[in-house]
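First the structure, in the form of structure tokens, and then the observations on it.
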Amino acid sequence: MRVLEGLAAVLAKGAEKAGHAVPHEFFDTVRIDLKGRTAEQVSTAALAKGMNIRTLGPSAVCMALDETTTEGDVEDLLSALGGGGTAGL
């Protein structure tokens with residue numbers, strides 16, 4: 001489970017680095033309040049990479065990770081957010 005928590009933490013830090021807000025604590029699910037992108041834009045970008053994320057209205061998304069999630073998956077999620085990936089996180 002520590003790997004899963006670590007990947008969620010990297011996702012949260014990457015989202016914040018990209019200018020988005022992560023409003024509360026998490027374990028394997030990360031809610032992201034979007035800045036500069038709509039939930040539809042992020043969802044469409046994620047779907048193009050084969051990922052299904054939950055939209056929470058026009059300016060928030062929820063990304064759930066599980067035991068099959070890899071660092072590459074987190075890279076893809078950060079890319080959908082308009083972020084620069086996991087380098088330096």
**Request:** Ignoring hydrogens and angles, state whether a donor on the side chain of Ser79 or Asp76 is under 3.5 Å from an acceptor on the partner side chain.
**Result:** no
**Message:** Counting C-beta onward and ignoring hydrogens, is there a side-chain heavy-atom pair between Pro58 and Thr38 closer than 4.5 Å?
**Reply:** no
**Asked** Under 3.5 Å, side chain of His20 to main-chain N/O of Ala15, donor-acceptor pair present?
**Response** no
**Complete:** For Ala60 and Ala39, the nearest pair of non-hydrogen atoms, with its separation, is O-CB, 3.6 Å
**Prompt:** Of all heavy-atom pairs between Ala46 and Ala80, which one has the smallest distance, and what is that distance?
**Reply:** N-CB, 3.7 Å
**Message:** Within the structure provided, determine whether Leu65 and Thr29 are in side-chain contact (heavy-atom separation under 4.5 Å).
**Reply:** no
**Donor-acceptor under 3.5 Å (Thr70 side chain, Gly72 main chain)** = yes
**Asked** Taking the side chain from Thr44 and the backbone from Gln41, do they hold a donor-acceptor pair closer than 3.5 Å?
**Response** no
**Prompt:** How many angstroms lie between atom CD of Glu5 and atom CG of Leu7, to the nearest 0.5 angstrom?
**Reply:** 10.5 Å
**Prompt:** Is Arg31 paired with Asp33 through a side-chain N to carboxylate O contact shorter than 4.0 Å?
**Reply:** yes
**Request:** Test side chain to side chain contact (heavy atoms under 4.5 Å, CB included) on Leu81 and Arg37 and set out the steps.
**Result:** CA-CA 8 Å; Leu81 288 167; Arg37 291 183 63 101; 5.6 Å; no
**Asked** Hey, are the side chains of Glu40 and Thr55 touching, using non-hydrogen atoms and a 4.5 Å cut-off?
**Response** no
**Asked** Applying the 4.5 Å side-chain criterion to the ILVMFWY set and letting contacts propagate, would Val30 and Val3 be lumped into a single cluster?
**Response** yes
**Request:** Before giving the answer on side chain to side chain contact (heavy atoms under 4.5 Å, CB included), spell out for Asp66 and Asp28 the whole-Å C-alpha distance, their side-chain angles and the decisive distance to 0.1 Å.
**Result:** CA-CA 7 Å; Asp66 65 21; Asp28 62 352; 6.0 Å; no
**Asked** Can you find a heavy atom in the side chain of Leu77 that is under 4.5 Å from one in the side chain of Met51?
**Response** yes
**Asked** So do the side chains of Leu11 and Met63 get within less than 4.5 Å of each other, counting heavy atoms only?
**Response** yes
**Message:** Are Leu56 and Ile53 linked, directly or through intermediate hydrophobic residues, by side-chain heavy-atom contacts shorter than 4.5 Å (ILVMFWY only)?
**Reply:** no
